[in-house]
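We count residues from 1, following the sequence as given.
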Amino acid sequence: MSRFFATGSDSESDSASEEEQVQRAPTTAFTFSDEEEETKRVVRSTKEKRYEEIANLIKLIRNYKKIKDMSSMLSSFEDLMRAYQKALPVIAKEEGGQTPRFYIRCLVEMEDFINEVWEDREGRKNMSKNNSKSLTSLRQKLRKYNKDFEEDIVKFRENPDQDDDEEEEKPEEVVEFEDEEDSAVAFKKAGSEASEPDTSKFKKNVADGEEGSESESDWGSSSDSESTSSEDEGQYQNIRERFIKKVTDKEEEEDKAKRKEQRKERKEKERKKKKDEDDEEGEWETVKGGVAIPSEKPKMFAKDAEINVAAVLKKLSEIIAARGKKRTDRREQIELLHELQSIADTHNLGPAVAVKIKFSIVSSIFDYNPKVSDAMKPEYWSKILERITEMLDMLLNTKDMIIAEIVSEDAEEYETPPYKIHGCVLTLVERLDEEFTKLLKECDPHSNEYVERLKDEKQVSTIIDKVQEYLERQGTVSELCRVYLRKIEHLYYKFDPNVLKQKEGELGPDVITSVQVMEKLCKYVYAHDGTDRLRTRAILSHVYHHALHDNWFQARDLILMSHLQETIQHSDPATQILYNRTIAHLGLCAFRHANIKDAHNCLVDLMVTGKVKELLAQGLLPQRQHERSKEQEKIEKQRQMPFHMHINLELLECVYLVSAMLIEIPYMAAHEFDARRRMISKTFYQQLRSSERQSLVGPPESMREHVVAAAKAMRNGNWLACNNFIINEKMNAKVWDLFYQADKVRDMLTRLNKEEALRTYLFTYSHVYDSISMPKLAEMFQLKRPVVHSIISKMIINEELMASLDDPTETVVMHRSEPSRLQSLALQLTDKVNNFVDSNERIFEMKQEEIKGTFVTDKITIDKDKIGVVRDVIVIEIVIEKKIEIIKSLNIIYVGV
């Protein structure tokens, strides 16, 4: 009865089921139910499948050749090359490595056709732009591809009329079976009989232009047995007759029942014994969990194959061709390349082949990590260091070897010197340097792992030196600039104590220091760089290195002459980070040289923002929501500097606050009653104000509290307390011991504290004294008399102190020019009146009215007779009488209203 209809006669149901089974889509390989037991499947060998694919593509190419569709012909040719690449293991196994004659025929026909079209210039002119472009590409690719088949093509041209199938092969029986058990038996038979598949039909179809992908056995009736199906193929030549054939014999029904019983008996046996062949990988083993693993690695070459340079390079290109594809096993690719390298070394194929393979190994190791942002695994890192070192040693030891991007792949030479290889060593080293930075950033900076990984920098620097040596021998100017910059970036942040020893005369001038090496490298980049970026980074690194070694004047002059501060905002983020780091070290260098104002000016822009950590790329501050997206955070994390290159932020902040204290406290004392007093350092002023707001101030604990306490002591003129707050055991451990030659820094800081405390004392208490003894001041602040004399003289010259010096008695005579409290209030009032006049004049200018009055900024008195009212606005006419110094000396200032 039909499985689709509930009712109907027996004959109708049989015929209906026959027809439905033929038209139905085939079921998947793992669903074998009783209802579908009559559905047939066809077993085809790997050779048949591969040859069929090639035959179909050759047919397509011939069709496109007839209509001269070059674009489609090019794409089909590329597919053909890939199909042949897949079929290579089958050809090596079945044909003994001999290229099939029908494939060579196709290549020869294409070559002749393309040469004919290429010579027809008029025909080419009439081609479309796309076809013309495709013709050029196809011609180049075919010429390059045919080089691998030169011998076979020559043999074919000698006897082109010979038939493609020289030896008649037995046609492979197309075995049809109905379920899993039959399939297992078929595989078993196929394994025991070493019969070759019938490829003659594909070749014949290619020659005749017919489709070879379908055979009559694919359309067989599902009710036929294996024996009857093969007989029917000879008996029924008409396909229509086979479709409408009806099977009603009782014998066949009995045979069908017997087969069912036999299948049940051997079901368990066949499941255990069933084995299959993979398309390319040879034998496979069935393991627990249904995962198949290869029992043996695929062999690189056949046993009797001749291993020469061409064969190794061909195998290398095959392995590299799989690079970047979706299902390529990267680990296996690296292992294959290592195996190929050992084969090449065993047969001594020359240094060029060895370098080429090592170059490919390094590239494949770089590609092993799928994520660009993640660091490389440590075991692969050690491998890549070894391979690059070996490759560079071979390059340096072989004089007649050129490896460069300008060498095309067609012009490569591996057998006779001078050897030529396509590639770029510098790119590999730059990638290696970036991977090293990623490795360091991924480690915990406070762990032993970071220290172990940091030891590899010596090896990385050695590799850069070897590349530098190679490029100096046969490299371009731009490549030399790039490799010099890599060396500069590994050198600029490292401190060399020999530089300071050489300054002090402990070492002779013959000793080469890092400053001299930097000078040489940077000057070459300045002179030969064609891009602004390399020159900018070289200048910043050079300034950083000078500042690190206390070459203040060289660093300052170089940064000022470069004018980078005007254009740095247009640079890339990495260069801006380097600029911030350079300016920070420039400020520290100025501080060590006691140039407090320069140090403050360098550090103020960094410290005012409150984002020093981000500006120096030493970490990310926690942000509120929606202020930084995940992508931005990821990008900023990639820009972070490795821990060993960090600048101590507490040291930086302390230097900035101490510099601000030494400038701000004397200024505040000098302008105590000035209403327009400006803030020099906003950050320091905020720290001071927040401390003053506290009702109870305990002993200082943090670095900031120590600086604030020192500032309060300096304001009172107590230099000793100020110095003890800044220089003590806690501050030494946190800050000052981090400086090289820390004792010199502490001595310099003590001297500055004394001098600024003296200035503050004179500003604060000068109105109390008629005269002050300079020896007494020198004793109070423990300064030498010439130093005290110099400080007071500068204050008098700059009109900061109204006094004069009496040299015979060594005293400072005060002029009592400082105003009293009432006089200060009167001066503030005059400032406010001046502001009032200014606003009044602006109002009248807007209304285009004439104003009666004159205005002078700093020398005023007010006359009450000169006051009038115009349009309800008071106008004050100011009359100049005397200088401001005379007004300040008056006991009473008369102000009329």
Side-chain angles (χ1 to χ4, degrees), residues 661-680 685 688-689 692 710-723 752-783 785 787-834 857-862 881-895:
M661 178 192 75
L662 294 174
I663 297 171
E664 188 83 50
I665 296 300
Y667 178 80
M668 289 170 65
H671 300 83
E672 184 178 0
F673 304 110
D674 192 352
R676 295 185 179 182
R677 186 180 66 199
R678 60 184 178 87
M679 289 184 295
I680 297 175
Y685 195 78
L688 206 59
R689 291 294 297 271
E692 289 174 353
K712 290 180 179 177
M714 182 181 282
R715 188 185 287 179
N716 297 326
N718 189 352
W719 77 268
L720 189 59
C722 171
N723 200 58
L752 289 176
N753 283 338
K754 291 177 181 178
E755 292 176 1
E756 296 304 323
L758 172 61
R759 281 166 48 80
T760 306
Y761 183 82
L762 290 174
F763 283 135
T764 306
Y765 299 110
S766 61
H767 65 279
V768 177
Y769 295 95
D770 288 330
S771 62
I772 306 175
S773 171
M774 282 194 288
K776 186 67 177 177
L777 289 174
E779 183 183 346
M780 283 175 62
F781 293 95
Q782 296 184 8
L783 290 169
R785 290 187 185 181
V787 175
V788 175
H789 187 278
S790 172
I791 292 170
I792 295 173
S793 300
K794 286 179 183 177
M795 291 174 70
I796 293 172
I797 291 169
N798 295 332
E799 295 184 359
E800 293 175 339
L801 184 67
M802 297 302 165
S804 58
L805 290 175
D806 188 4
D807 287 334
T809 58
E810 292 186 344
T811 57
V812 183
V813 180
M814 299 298 173
H815 290 169
R816 283 193 169 272
S817 59
E818 285 73 15
S820 63
R821 180 66 176 165
L822 179 61
Q823 291 171 338
S824 299
L825 291 173
L827 289 173
Q828 290 180 22
L829 177 61
T830 56
D831 288 337
K832 290 179 181 178
V833 172
N834 275 332
T857 55
D858 59 347
K859 295 170 261 187
I860 63 168
T861 56
I862 299 173
E881 288 190 355
K882 294 182 180 179
K883 291 184 178 180
I884 189 65
E885 288 81 4
I886 300 174
I887 296 170
K888 287 181 179 179
S889 64
L890 292 176
N891 291 328
I892 298 172
I893 295 180
Y894 178 77
V895 179

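For the atom pair CG (Leu825) and OG1 (Thr830), the distance works out to 10.5 Å, reported to the nearest 0.5 Å. Taken to the nearest 0.5 Å, the CE atom of Met780 stands 12.0 Å off from the CG atom of Leu720. Atom CD of residue Glu755 and atom CD1 of residue Ile791 lie 4.5 Å apart, to the nearest 0.5 angstrom. To the nearest 0.5 Å, the span separating NE2 on His671 from CZ on Phe763 amounts to 8.0 Å. A distance of 5.5 Å separates CD1 of Ile665 from CG of Leu688, quoted to the nearest 0.5 Å.
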Query - side chain to side chain contact (heavy atoms under 4.5 Å, CB included) assessment of Leu662 paired with Asn753 - result: CA-CA 7 Å; Leu662 294 174; Asn753 283 338; 3.6 Å; yes
Report task. Start with the C-alpha distance between Leu805 and Val812, add both sets of side-chain angles, then the distance that settles side chain to side chain contact (heavy atoms under 4.5 Å, CB included), and finish with yes or no. Result -> CA-CA 5 Å; Leu805 290 175; Val812 183; 3.7 Å; yes
Query raised in the report: Leu777 and Ile792: side chain to side chain contact (heavy atoms under 4.5 Å, CB included), yes or no, with the steps?
Result: CA-CA 11 Å; Leu777 289 174; Ile792 295 173; 3.8 Å; yes
Query raised in the report: Does the pair Glu800 and Leu762 meet the rule for a side chain to side chain contact (heavy atoms under 4.5 Å, CB included), with working shown?
Result: CA-CA 10 Å; Glu800 293 175 339; Leu762 290 174; over 6 Å; no
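The two residues Ala757 and Met714 have their closest heavy-atom pair at CA-CG, 4.2 Å. Heavy-atom minimum distance, Ile680 versus Tyr667: CD1-CG, 3.9 Å. Shortest non-hydrogen contact noted between Glu810 and Pro775 is OE1-CG, 3.3 Å. Closest of all the heavy-atom pairs between Ala713 and Cys722 is CB-N, 3.7 Å. Here the closest non-hydrogen pair linking His815 and Ser804 is NE2-OG, 3.4 Å. Here the closest non-hydrogen pair linking Thr811 and Ser773 is CG2-CA, 4.2 Å.
Although no hydrogens or angles enter the test, the distance criterion places a donor-acceptor pair under 3.5 Å between the side chain of Asn798 and the main chain of Lys794. For His789 (side chain) and Arg785 (main-chain N/O), no donor-acceptor pair under 3.5 Å exists by modelled atom type.
Within the 4.5 Å cutoff, the side chain of Ile772 has heavy atoms near those of the Met814 side chain.
Under the 30°/60° scheme for interplanar angles, the aromatic rings of Tyr761 and Phe781 are found to stand perpendicular.
Screening Glu692, Glu756, Glu664 for a salt bridge (charged side-chain N to carboxylate O under 4.0 Å, His left out) with Arg715, the sole residue that qualifies is Glu692.
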